[in-house]
Visitor: 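This is the structure I have questions about; it appears just below.
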Amino acid sequence: MTTTTINKLSFHVDEQVTLKGWLYNLRSSGKLLFPQLRDGTGIVQCVAFKKNISEELWDKLKNLGQESSLTITGKVRADERAPGGFEIDVTDAEVLQNVEGYPITPKEHGTEFLMDNRHLWIRSRRQHAILKVRHTIVRAARNFLDDDGFILADTPIFTPNACEGTTNLFEVDYFGDAKAYLTQSGQLYNEATAMAFGKSYAFGPAFRAEKSKTRRHLTEFWMVEPEMAYATLDDVMDVCEKLLSHIAVRVLEERGEELKVLERDVARLESIVAPFPRVRYDDAVKILQDGHAKGEIENRFEWGGDFGAPDEAYISEQFDKPVMVHRYPAAVKAFYMKRDEHDDRLALGVDVLAPEGYGEIIGGGERATSLEFLEEQIEAHNLPREEFEWYLDLRKYGSVPHSGFGMGIERCTAWMCGIEHVRETIPFPRMLYRLKP
RNA sequence: UCCGCAGUAGCUCAAUGGCAGAGCACCCGGCUGUUAACCGGGGGGUUGUAAGUUCGAGUCUUACCUGCGGAGCCA
């Protein structure tokens, strides 16, 4: 007897196999039962004719509740009537637990209810598809960087200070006499690891205590943050477009079935091919102002500010591919950004805006190299100098041009899947009003 | 923090200020190819909380709680 999984049934046609899983749904028609089994790799329809099996087996199957745990043994048969193309003629079954009252029924449910039952919701087909796409994105990003010579060097989650001084942080008691904060970015530490390894990246969670209440925000989210020594802003943009193109290809290759479940328009993913348009902030402002003149956007954008959500959406709508907007006013960017040598008002930062209104999925740029400049910036931003001494050391001992960026995993996943809200792109989302389960 | 919408059975939703309802889920019965199966029967309610208007409030008023959407902020 072969024990196998549902995704491998095509290798076992006309053979007896055993599958281990849970009951996804049960339909019956008098002397005929259709238990649908899921095992994490897929869903398969099984068939049991009353006259072909023992009375004991019939009785065992007939009253099973949704999500009952069981193993099913039977012959694999190709059948066009079955969803998925294969069917199991049941010859035996072992019920580990017969379940009554599984909360998530095959009808509609509201978001609040489903989120309260998130630990069960992730068993359902759509959530399964999204989380598998997430897995592929994570693996594609890591493989891309690993194969390109980046060394994984993860950065701390407890940090002693605000690393950029821009966002609200979660404060944690650290053994009574000290305060720690949950990291909002591994950025500053990545600069240290890049000086050690040449090319490095961190992959981990980031925490922002912003009271943001939109479909693009989580308080806990995951980022991949590559950093490169001897690299410029242009080098960063090269890596961004290659990384995103690679991710799109891998998602298309590995997750065709899942994209079908999600009803994703794959043409939108097929067009994610490097090179991407590179637009200076100044020109993006012109796009917005022209849009206002044409009456396509409500507010008239003024040079100097950061883009709001509607602004980002309008800019990205002008292109099929992700857009890389670069050289922002220094005032709206982090203190460690290098200034443009041709225009001191500008910082060498880049944001990658995804199409279809998904907004900023990557933020990055070239870092300042001058010790004196950073000392001025730290003072100007009222940051505690003593907490940044180690960071300033990086400019005392072998300072070189270097650059990097951070990509938000959940926003990228929402974009690839074409779904509304990032809360479905992580197994257990943490949001402003959601800490459980 | 601000603006808007919502809260009725386990779930999704109905109910002109006048008897609290349906579908799904659950239990019982029927059906040999079901595709969110279908058909018949059954149990299931402090209408988010508190106060008010009224002969009478799920429905109108006020406050609060909770959630959803958006803004700001951000990836």
Visitor: Look at the side chain of A:Phe49 and decide which nucleotide, out of B:G33, B:A25, B:C73, has an atom nearest to it.
Guide: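 Closest of the options to the side chain of A:Phe49: B:G33.
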Visitor: B:G10 P sits how many Å from A:Glu112 CD, rounded?
Guide: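 Between P of B:G10 and CD of A:Glu112: 14 Å.
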Visitor: For residues A:Phe207 and A:Phe221, establish whether the separation of their ring centroids is below 6.0 Å.
Guide: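 Not under 6.0 Å, so no.
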Visitor: So if I take every side-chain heavy atom of A:Pro310 and compare against B:A36, B:G72, B:U32, which nucleotide ends up nearest?
Guide: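 Minimum distance to the A:Pro310 side chain belongs to B:G72.
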Visitor: Is the shortest side-chain N to carboxylate O distance from A:Arg327 to A:Asp282 below 4.0 Å?
Guide: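 A salt bridge is absent here (no side-chain N lies under 4.0 Å from a carboxylate O).
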Visitor: Counting side-chain heavy atoms from C-beta on, which of B:G72, B:G69, B:U32 comes nearest to A:His421?
Guide: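 So the side chain of A:His421 is nearest to B:G69.
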Visitor: Could you please name the option among B:U34, B:C26, B:C73 that lies closest to any side-chain atom of A:Glu210?
Guide: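 Ranking B:U34, B:C26, B:C73 by closest atom to the A:Glu210 side chain puts B:C73 first.
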Visitor: Under 4.0 Å between any heavy atoms, over every strand shown, what does A:Ile104 touch: base, sugar-phosphate, or nothing? Just pick one.
Guide: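 If one applies the 4.0 Å heavy-atom cut-off, A:Ile104 turns out to touch nothing in the nucleic acid.
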Visitor: If you measure from the P atom in B:G48 to the same atom in B:C11, how many Å do you get, rounded?
Guide: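 13 Å, rounded to whole Å.
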Visitor: Pick the P atom in B:U46 and in B:G56, then give their distance to the nearest Å.
Guide: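 That atom pair is separated by 23 Å.
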Visitor: Any side-chain to backbone donor/acceptor pair from A:Arg134 onto A:Thr425? Under 3.5 Å, distance only.
Guide: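 Between the backbone of A:Thr425 and the side chain of A:Arg134 there is a qualifying donor-acceptor contact (under 3.5 Å).
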Visitor: Under a 3.5 Å cut-off for both contacts, is B:A6 paired Watson-Crick or G-U wobble with anything, and if yes, with which nucleotide?
Guide: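 Answer to the pairing question: B:U66, which forms a Watson-Crick or G-U pair with B:A6.
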Visitor: Using a strict 4.0 Å threshold on nitrogen-to-oxygen distance, state whether A:Glu227 and A:Lys199 make a salt bridge.
Guide: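 No.
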Visitor: Rounded to the nearest Å, what distance is computed from the CG atom of residue A:Leu120 to the P atom of nucleotide B:A25?
Guide: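 It is 18 Å, rounded to the nearest whole Å.
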Visitor: Please confirm whether the shortest side-chain N or O distance from A:Arg423 to OP1 or OP2 of B:G69 is below 4.0 Å.
Guide: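 True: A:Arg423 side-chain N/O within range (under 4.0 Å) of B:G69 OP1/OP2.
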Visitor: Measure CD/A:Glu80 against P/B:U34 and give the value in whole Å, please.
Guide: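 Rounded to the whole Å, the gap is 15 Å.
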Visitor: Suppose you measure atom C1' in B:A9 against the same atom in B:G43; what distance do you get, rounded to whole Å?
Guide: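 Straight-line distance between the two C1' atoms is 11 Å.
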Visitor: According to the Watson-Crick and G-U wobble definitions, with both distances under 3.5 Å, which nucleotide is paired to B:A22?
Guide: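 Base-paired to B:U12.
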Visitor: To the nearest angstrom, how far is A:His109 atom NE2 from B:G7 atom P?
Guide: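 Distance, rounded to whole Å: 19 Å.
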